[in-house]
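Position 1 is the first residue of the sequence; numbering continues from there.
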Amino acid sequence: MTMDQASSLRRIVHETSLPTRKARVLSVTSGKGGVGKTNVSINLACALAEKGRQVYLLDADLGLANIDVLLNLTPAYTIEHVLSGEKHLREIVVDGPSNIKVLPSSSGVVELADLGEEDQQRLIFMLEELEDSIDYLIIDTGAGISSGVLRFNVSADEVLLVATPDPSSLTDAYSTIKVMVNRYNVRSFNLIANSVSSQEEGRSVFERLQKVTRDFLQVELNYLGFIPRDTDLAKSVRMQKPLLEAFPQSPAAKSIRALAHRLDQSTLSNTPLSDASFEDAPRFWERFLQWKERK
């Protein structure tokens, strides 16, 4: 992309009238894979939709997408077709459970794992076109600290970090926070303690991570809540249904609804979970467009 093209895109952004409605963008991420991040994303989206919210779920684990598999969806088109110019973003939206809308990605497509600047900008402009009809955009990112993952996390209104009691999960979660703090001065993180044996263990996961982030990074974490270890979750995965649909009264489903309630209450009262100012902050797509990788 030439400098003139980039300037033209930015001028269009500033000259386009903004929709009156602003979607709240939540990035669900983790330091390592295997901690249940995608299942948290799916079920949190369903829980918010149950409350009557318009929720879009973006599978942003580009190159290793699996939300369609977990929900037994067979999308005819994916973000790959949008980036190639074959389809518009609205044409690839798939109806999911609980009236959520899914923006599918492509599994195993290596090129999508490292999108160029022009493709990323095209994608984000199209996302912006949907914003006037969205209450929540939930982004299921890839794990780790690649530039693609960081770009979504840094641009979101809130970062929801999923961690388990496993020491490697806590170590990698801390590393993820450290990179975002040191490179991008992100100061707000919300922890979800997943797959814990009790409320007390969930609180322990938070306190252990809070101590090191406070001592070494001078960052305070916000504890969003916990999700208990639940055998019904594995059953729901085999059924290719969200836990909230397959086993709505299971302990984990109840905990996820509690997390969704807290998120929604903070939106309704315009009180962010952390120090970030949601209503006054630049829009997600503006931050995404202006993002620059830092070493």
Side-chain angles (χ1 to χ4, degrees), residues 23-30 34-62 64-82 87 89-107 127 130-131 133-142 152 156 158 160 162 192 194-195 224-265 267:
R24 187 175 185 185
V25 182
L26 308 175
S27 177
V28 183
T29 194
S30 64
V35 299
K37 170 183 56 61
T38 298
N39 277 309
V40 170
S41 300
I42 290 171
N43 286 285
L44 190 59
C46 290
L48 288 166
E50 285 179 358
K51 299 172 74 66
R53 310 305 174 215
Q54 183 67 64
V55 183
Y56 275 63
L57 179 60
L58 171 61
D59 194 340
D61 193 353
L62 303 180
L64 291 173
N66 61 0
I67 283 179
D68 57 333
V69 175
L70 291 174
L71 295 180
N72 194 27
L73 301 174
T74 54
Y77 306 104
T78 68
I79 286 176
E80 183 182 16
H81 296 92
V82 174
K87 293 293 175 181
L89 190 62
R90 291 183 183 274
E91 296 178 286
I92 73 165
V93 174
V94 179
D95 292 331
S98 301
N99 293 318
I100 68 172
K101 305 293 184 182
V102 178
L103 294 168
S105 186
S106 300
S107 181
L127 282 170
L130 294 176
E131 189 172 6
S133 63
I134 299 176
D135 293 309
Y136 293 94
L137 172 61
I138 295 181
I139 303 173
D140 178 37
T141 75
F152 282 110
E158 300 273 1
L160 310 185
V162 180
I192 297 175
N194 192 32
S195 192
L224 188 57
F226 75 99
I227 302 171
R229 192 176 303 116
D230 192 334
T231 56
D232 284 338
L233 178 60
K235 295 176 186 176
S236 72
V237 170
R238 289 193 292 270
M239 294 167 64
Q240 293 179 287
K241 292 183 176 181
L243 177 69
L244 270 69
E245 180 181 301
F247 303 99
Q249 298 305 314
S250 66
K254 292 178 180 178
S255 290
I256 291 168
R257 287 194 179 92
L259 297 178
H261 179 74
R262 184 174 181 199
L263 282 168
D264 202 46
Q265 286 300 112
T267 298

Residue pair [X] / [Y], side-chain heavy-atom distance below 4.5 Å:
X: His81; Y: Glu91; answer: no
X: Ser41; Y: Leu44; answer: no
X: Pro228; Y: Ser255; answer: yes
X: Val55; Y: Ile138; answer: yes
X: Ile139; Y: Val25; answer: yes
X: Asp59; Y: Pro104; answer: no
X: Arg257; Y: Pro248; answer: yes

Quick check for you: to the nearest 0.5 Å, what is the distance between [X] atom [atom1] and [Y] atom [atom2]?
X: Tyr136; Y: Glu158; atom1: OH; atom2: CD; answer: 10.0 Å
X: Leu137; Y: Gln54; atom1: CG; atom2: CD; answer: 11.5 Å
X: Leu70; Y: Lys241; atom1: CG; atom2: NZ; answer: 14.5 Å
X: Ser236; Y: Asn39; atom1: OG; atom2: CG; answer: 6.0 Å
X: Ile192; Y: Leu160; atom1: CD1; atom2: CG; answer: 5.0 Å
X: Leu48; Y: Asp264; atom1: CG; atom2: CG; answer: 6.0 Å

- Message: Given 3.5 Å as the limit, does a donor-acceptor pair link the side chain of Asn194 with the main chain of Val35, or not?
- Response: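 Answer holds: yes.
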- Message: I'd like to know if the side chain of Asp68 and the backbone of Thr74 have a donor-acceptor N/O pair within less than 3.5 Å.
- Response: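 A pair under 3.5 Å: no.
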- Option from Asn43, Asp140, Val69, Leu57 for which side chain to side chain contact (heavy atoms under 4.5 Å, CB included) with Thr38 holds: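 Going through Asn43, Asp140, Val69, Leu57 one by one, the side chain to side chain contact (heavy atoms under 4.5 Å, CB included) with Thr38 is satisfied by Asp140 alone.
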- side chain to side chain contact (heavy atoms under 4.5 Å, CB included) partner of Val102, chosen from Ile92, Val93, Leu71: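 The passing option is Leu71.
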- Item | Between Thr141 and Ser27, a side-chain donor and acceptor under 3.5 Å |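 No donor-acceptor contact under 3.5 Å links the two side chains.
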- State plainly whether the residues Asp135 and Arg24 are in salt-bridge range, i.e. N to O under 4.0 Å.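 No, no charged N to carboxylate O under 4.0 Å.
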- Message: Tell me whether Lys101 forms a cation-pi arrangement with Tyr56, defined as NZ or CZ under 6.0 Å from the six-membered ring centre and within 45 degrees of its axis.
- Response: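 Because its charged atom misses either the 6.0 Å distance or the 45° angle limit, Lys101 does not stack over Tyr56.
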- Message: List the residues meeting salt bridge (charged side-chain N to carboxylate O under 4.0 Å, His left out) with Lys235, not counting sequence neighbours, and say none if there are none.
- Response: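 Lys235 satisfies salt bridge (charged side-chain N to carboxylate O under 4.0 Å, His left out) with Asp232 once adjacent residues are dropped.
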- Message: Between Leu244 and Ile42, does the side chain to side chain contact (heavy atoms under 4.5 Å, CB included) criterion hold? Intermediate values first, please.
- Response: CA-CA 9 Å; Leu244 270 69; Ile42 290 171; over 6 Å; no
- Between Leu243 and Ala253, which heavy-atom pair has the shortest distance, and what is it?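 What the structure gives for the nearest pair is CD2-N, 3.5 Å.
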- Message: Counting only heavy atoms not in Asn99 (residues, nucleotides, ligands), do more than 12 fall under 6.0 Å from its CG?
- Response: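 No, the 6.0 Å shell around CG holds no more than 12 heavy atoms from other groups.
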- Query: Going through the checks in order, is the side chain to side chain contact (heavy atoms under 4.5 Å, CB included) test met by Ser195 and Ile227?
  - Reply: CA-CA 6 Å; Ser195 192; Ile227 302 171; over 6 Å; no
